[in-house]
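No experiment lies behind these values; they were computed from the predicted model shown.
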Amino acid sequence: MDERTIFDGDYDYIIVGAGTAGCVLANRLSQNPKTRVLLLEAGKSDNYHWTKIPIGYLYCIGNPRADWMMKTASEPALNGRSLDYPRGKVLGGCSSVNGMIYMRGQAADYDGWRQLGNAGWGWDDVLPYFMKSEDHHAGDGDMHQSGGEWKVSKQRLSWDILHAVQDAAREFGIEPRADFNDGNNEGSGFFEVNQNAGVRWSTARGFLRPIAKRPNLRVVTEAHTDHLILSGKAVEGVRFTRRGKSFQARAGSEVLLAAGTINSPKLLELSGVGASDLLASHGIEVLHESPGVGENLQDHLQIRTVFKVQNARTLNTLANSPWGKMKMVVEYAVKQSGPLSMAPSQFGMFTKSDPSKVTPDLEYHVQPLSTDRLGDPLHPFPAVTMSVCNLRPDSRGTCHITSRDNGQQADIRLNYLSADTDKTVALKSVRQARQIMGASCLAQYMPEEILPGVDVASDSELSTAIGDIATTIFHPVGTCKMGDDEKAVVGSDLKVWGLTGLRIVDASIMPRITSGNTASPVIMIAEKAADMIIGE
């Protein structure tokens, strides 16, 4: 059968992007056997061993088999550095390569969205959608639910040094917390993870794979959507290429853009939807003026402080020993536990950079390992990394096309630390990390700061050091924000203002970044969007 016969055609819904949100949408919308759904993914299948083994994130990031290999523009506050900017290149998108940490954020995040004019997006509104997907290890309760597609598990390993850090946090004033996901995440605890019996659990595994053979659902990988088909102000379908051939598909109801914070605004701009001056500069006809497309980019910037320790078992010592490596492999092969089942961060803390803050604005990711730079070999001595990030940055960036060529990466400018408030929080957070690691209960481990270093003391010195060591924690959001102001791209129903037949369903619609890791909030967004679509 000719490929054109297979891929061209008419559908009820076309979903662009089979990532964290797209797999959820495909599952929910194809439940009605009379609804025809086309799911387009530019990447390949997730049938790749490193997307299954949790420690495999180290081998997916920076690997063109699983990562789009993007880079940011030069960041002035990071001393001119351009950062690697990983994005998932397989079914499941970033949920197939991320840190697997299950985190909803704070109730205040969503109440804040509602206060910005987004009716139906407060904490009480979205909590049922978080719970709808869950298959939580603790079973059913007021805040959690079992039986859903999104598995939430306890980690399958333990490190004494991390329990000691929790004691140090308590000495500092950060109390242990049983649940980070009840709307108030202040405190310390061990992260819950999206895994099933020690294997990564992505949206491709949870939502797509079980229903991929539904006769009314067509999943096409290596499909690069390069244009929305518009007739006046109506979006009627998409044009895409696959292995050098061009196809087009029509949507009787809606096109659902779930390409992510970087690629959703890119596709809009390539299709003539965006700021008129930007489009004109690239010779693109303006089909719909939307000045907020590609604006409002936000991310969590993490500052990696590292402390060499004594008398402690850490991954550094295991990974640098042939016997340790063998032991880790055997433990995972037999029990699917141990260091190969690790999420990038095992222990976390949420606290305030200043007592005047109403809710925590800092998140710590604490790891029993260290390296000079992410991706470099682990240090040959035992150490702990205390990564800390500002949960609610005031700095805003942009993400825009650089040419009419769909193959060209968008220009990603985060403008980290461009807001003075973010600079202040960054300085306070490093000093706070030092205080915690200086707790008396850690004296037996003799922590010695090696990054940024004990000699880095003044504000000026510390600012320079932060510019050298800070990096993304991979949480870009906001480039097609929800709202009703002139820079809003979608309304509270996620329909693009001024157009019919088009919704955006991914992290790009967040008006403000959530106070934590962003994968599960994206699943919530997709669940709520699917409910709205089916309800209509």
Mark yes or no for whether [X], through its side chain, and [Y], through its backbone, hold a donor-acceptor pair below 3.5 Å.
X	Y	answer
S370	V306	no
S321	L318	no
E331	M328	no
Q195	S341	yes
D422	L417	no
R156	K335	yes
T385	S387	no
Q367	L369	no
N63	Y59	yes
D411	H400	no

Derivation and outcome, side chain to side chain donor-acceptor pair (under 3.5 Å), residues D394 and T421: CA-CA 7 Å; D394 290 324; T421 50; 2.6 Å; yes
Indicate whether any N or O donor in one side chain lies under 3.5 Å from an N or O acceptor in the other, for [X] and [Y].
X	Y	value
N263	R87	no
S395	N415	no
Y364	Q432	yes
D506	S264	yes
N320	K325	no
T514	D109	no
T398	E295	no
H137	E192	yes
H144	D182	no
Q106	N185	yes
D299	T472	yes

For W150 and I523, what are the C-alpha separation, side-chain angles and deciding distance, and is it a side chain to side chain contact (heavy atoms under 4.5 Å, CB included)? CA-CA 9 Å; W150 193 229; I523 291 174; 3.2 Å; yes
Looking only at heavy atoms, what is the nearest atom pair of [X] and [Y], with distance?
X	Y	value
L91	D46	O-CB, 3.4 Å
S463	L427	OG-CD2, 3.7 Å
R205	R200	CD-O, 3.3 Å
N311	Q444	ND2-O, 3.0 Å

Got a salt bridge between [X] and [Y], using NZ or NE/NH1/NH2 to carboxylate O under 4.0 Å?
X	Y	answer
D468	R304	no
R177	D179	no
K428	D354	yes
R209	E149	no
R170	E175	yes
R392	D361	no

Mind checking whether N296 and T479 have side chains closer than 4.5 Å, heavy atoms only? no
Just say parallel, tilted or perpendicular for the rings of H224 and W68, cut-offs at 30° and 60°. perpendicular
Any idea how H136 and Y102 line up, ring-wise: parallel (<30°), tilted (30 to 60°), or perpendicular (>60°)? perpendicular
For residues 305-349, pull every pair meeting ring-ring contact (aromatic ring centres under 6.0 Å, His included), keeping only residues two or more places apart or in separate chains. F190-F347
Might you work through the side chain to side chain donor-acceptor pair (under 3.5 Å) test for S133 and E527, ending with a clear yes or no? CA-CA 8 Å; S133 297; E527 287 279 27; 2.4 Å; yes
Could you walk me through whether T221 and E41 satisfy the side chain to side chain donor-acceptor pair (under 3.5 Å) test, starting with their C-alpha distance in whole Å, then the side-chain angles of each, then the deciding distance to 0.1 Å, before giving a yes or no? CA-CA 5 Å; T221 56; E41 168 56 39; over 6 Å; no
Find out whether the Lys NZ or Arg CZ of R512 is both under 6.0 angstrom from the six-membered ring centre of W113 and within 45° of the ring's axis. no
Cation over ring, R65 on Y48, under 6.0 Å and within 45°? yes
Are F474 and H300 an aromatic pair by the rule of ring centers under 6.0 Å? no
What pairs of residues pass the salt bridge (Lys or Arg N to Asp or Glu O under 4.0 Å) test when at least one of them lies in residues 68-79, not counting sequence neighbours? K71-D84
